[in-house]
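Step one of this worksheet: look at the structure below.
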Amino acid sequence: MSYLTIAMPKGRIFHEAVDLLRKSNYQLPPEFDESRKLIIEIEEEQLRFILAKPMDVPTYVEYGVADLGIAGKDVMLEEERDVYELLDLKISPCYLAVAGLPDTKMNEVAPKIATKYPRVASSYFREQGEQVEIIKLNGSIELAPIIGLADRIVDIVSTGRTLKENGLVEYEHIVDITSRLIVNPVSYRMKNERIQELVDRLNDVILEKQ
Ligand SMILES: Nc1ncnc2c1ncn2[C@@H]1O[C@H](COP(=O)(O)OP(=O)(O)OP(=O)(O)O)[C@@H](O)[C@H]1O
Ligand SMILES: O=P(O)(O)OC[C@H]1O[C@H](OP(=O)(O)OP(=O)(O)O)[C@H](O)[C@@H]1O
């Protein structure tokens, strides 16, 4: 049997993903959760994990250095990588929304939209028939309308606390987000049996939870 390599997103999704794998009966040692290592091999399971930034997971999978990966739907929509989506893991739920200061209209000429998701934001506003200027930021997106950098933001909302505490309101709900299991198309063909077993085991746990 050969190793299956899985690209895991560091940060928010990591612990929920590890929990799901453990519930699916993969034996992951306790050190796994706290390790600073970026490549972790679990010999007994013939699994190799690589720990990547969430936005980079589809890149590792597209290039085939990871067979599989776990990525938010937001990342999938933004990155548009050449990978297959195998399973909705139903973890780390949130949504993408348009938000801004209350009771404000967007500037009529090329309103400015700040976001970490330039591709999702431009295609959303194009579909609405609105011409906008996209300003790419890497975090603290809610700052942009408050400080006067942008008319609106396109960002993730989960509890809604960040919007509320910064005096912002939601204008439009763009799309619901959960994390997905993704696969490299060649790996899917070459290692089909092992990958299918992983999918089945994860799926049993996901369905149980519903
Ligand atoms: N409240 C939330 N904010 C951001 N992402 C969330 C939230 N809830 C769930 N998610 C999911 O988690 C993923 C982001 O995880 P995380 O915040 O750890 O990464 P990140 O945005 O790259 O963080 P950073 O740049 O701060 O390291 C998103 O792709 C999304 O699918
Ligand atoms: O609705 P809420 O539960 O408040 O969560 C949403 C917030 O969480 C994320 O930011 P994050 O904490 O990842 O920080 P960032 O600004 O560095 O991206 C996201 O970009 C929102 O700002």
Side-chain angles (χ1 to χ4, degrees), residues 7-18 36 38 50-63 66 69-83 85 88-182:
M8 297 284 278
K10 292 200 283 186
R12 278 191 169 88
I13 304 175
F14 182 77
H15 292 289
E16 278 191 82
V18 169
R36 301 285 296 167
L38 299 175
I50 65 175
L51 273 61
K53 287 290 278 183
M55 207 52 115
D56 295 337
V57 165
T59 309
Y60 291 96
V61 176
E62 181 184 82
Y63 282 89
I70 293 179
K73 184 70 186 177
D74 51 324
V75 170
M76 298 298 290
L77 293 170
E78 183 60 28
E79 287 286 305
E80 291 187 344
R81 294 281 168 179
D82 197 0
V83 298
E85 211 179 286
D88 181 350
L89 300 172
K90 311 254 167 85
I91 56 173
S92 300
C94 53
Y95 59 96
L96 274 169
V98 179
L101 287 169
D103 307 316
T104 51
K105 286 212 180 314
M106 290 208 294
N107 199 333
E108 289 198 356
V109 186
K112 295 192 183 75
I113 313 294
T115 187
K116 221 169 160 172
Y117 300 91
R119 204 189 307 236
V120 174
S122 22
S123 82
Y124 177 76
F125 285 102
R126 198 178 318 118
E127 276 163 27
Q128 308 292 308
E130 307 222 38
Q131 279 214 331
V132 299
E133 180 184 343
I134 304 287
I135 302 176
K136 163 83 163 71
L137 294 177
N138 294 302
S140 299
I141 314 296
E142 290 79 1
L143 202 50
I146 312 174
I147 204 77
L149 176 66
D151 299 270
R152 294 284 186 265
I153 59 172
V154 167
D155 199 21
I156 297 271
V157 182
S158 168
T159 60
R161 223 184 117 191
T162 311
L163 287 182
K164 192 157 183 261
E165 290 194 14
N166 289 289
L168 300 175
V169 295
E170 194 180 312
Y171 281 96
E172 281 144 85
H173 181 116
I174 301 180
V175 60
D176 285 325
I177 306 289
T178 46
S179 299
R180 310 300 162 106
L181 180 71
I182 60 173

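Keep in mind that the numbers below use all heavy atoms, side chains included, and drop hydrogens, waters and symmetry copies.
Residue Ser179 comes nearest to Ile70 through the heavy atom pair CB-CG2, 4.2 Å, listed as atom of the first residue, atom of the second, then distance. Between Ser158 and Pro93, the shortest heavy-atom distance links the atoms OG-O, 4.2 Å. Listed here is the closest heavy atom pair of Asp82 and Glu62: N-OE2, 2.7 Å. The shortest non-hydrogen separation linking Ala7 to Val57 is O-CG1, 3.8 Å. The two residues Ala17 and Met8 make their nearest non-hydrogen contact at CB-CE, 3.8 Å. Smallest separation of non-hydrogen atoms from Leu137 and Ala114: CD1-CB, 3.9 Å.
Leu89 is not listed as a side-chain neighbour of Glu16, based on a closest heavy-atom distance of 4.5 Å or more. When side chains are defined from C-beta on, Asp74 does not count as touching Tyr95, because their heavy atoms never get closer than 4.5 Å. Using a 4.5 Å heavy-atom cutoff, the side chains of Val83 and Met76 are in contact. Contact annotation: the side chain of Ile174 approaches that of Val154 to within less than 4.5 Å [non-hydrogen atoms, C-beta and beyond]. Side-chain contact between Ile153 and Val98: absent, with no pair of heavy atoms (C-beta onward) separated by less than 4.5 Å. In this structure, the side chains of Tyr124 and Leu96 stay at 4.5 Å or more apart for every pair of heavy atoms. The shortest distance between side-chain heavy atoms of Met106 and Ile113 falls below 4.5 Å. For the pair Glu78/Pro118, a side-chain contact is recorded, criterion being any heavy-atom separation below 4.5 Å from C-beta on.
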TODO: Show your working on side-chain contact (heavy atoms from CB on, under 4.5 Å) between Lys116 and Ile141 and close with a plain yes or no.
DONE: CA-CA 7 Å; Lys116 221 169 160 172; Ile141 314 296; 4.2 Å; yes
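Of the possible polar contacts, none joining the Glu142 side chain to the Leu163 backbone as a donor-acceptor pair under 3.5 Å is found. Counting only distance, with no hydrogens or angles, the side chain of Tyr171 and the backbone of Ala97 share no donor-acceptor pair below 3.5 Å.
For Gln131, the CD atom sits in a loose shell: 12 or fewer heavy atoms of surrounding residues, nucleotides or ligands are nearer than 6.0 Å. For OH of Tyr60, the number of neighbouring non-hydrogen atoms (other residues, nucleotides, ligands) closer than 6.0 Å is 12 at most. Within 6.0 Å of NZ on Lys136 lie more than 12 heavy atoms contributed by other residues, nucleotides or ligands.
With rounding to the nearest 0.5 Å, the separation of CD1 in Ile177 from CG in Asp88 is 10.5 Å. Within the model, atoms CD of Gln128 and OG of Ser123 stand 10.0 Å from one another, a figure rounded to the nearest 0.5 Å. Between Thr162 atom OG1 and Leu168 atom CG the span is 9.5 Å, to the nearest 0.5 Å. Note that CD1 of Ile146 is 7.0 Å distant from CG of Leu101, once rounded to the nearest 0.5 Å. Interatomic distance, CZ of Phe14 versus CD1 of Ile91, reported as 11.0 Å (0.5 Å rounding). Taking OH of Tyr63 as the start and CZ of Arg81 as the end, the distance is 6.0 Å to the nearest 0.5 Å.
Ion pair Lys73/Glu85 flagged as a salt bridge, since at least one NZ, NE, NH1 or NH2 atom sits closer than 4.0 Å to an Asp/Glu carboxylate oxygen.
Judged purely by distance below 3.5 Å, without hydrogens or angles, the side chains of Thr115 and Arg152 never pair a donor atom with an acceptor atom.
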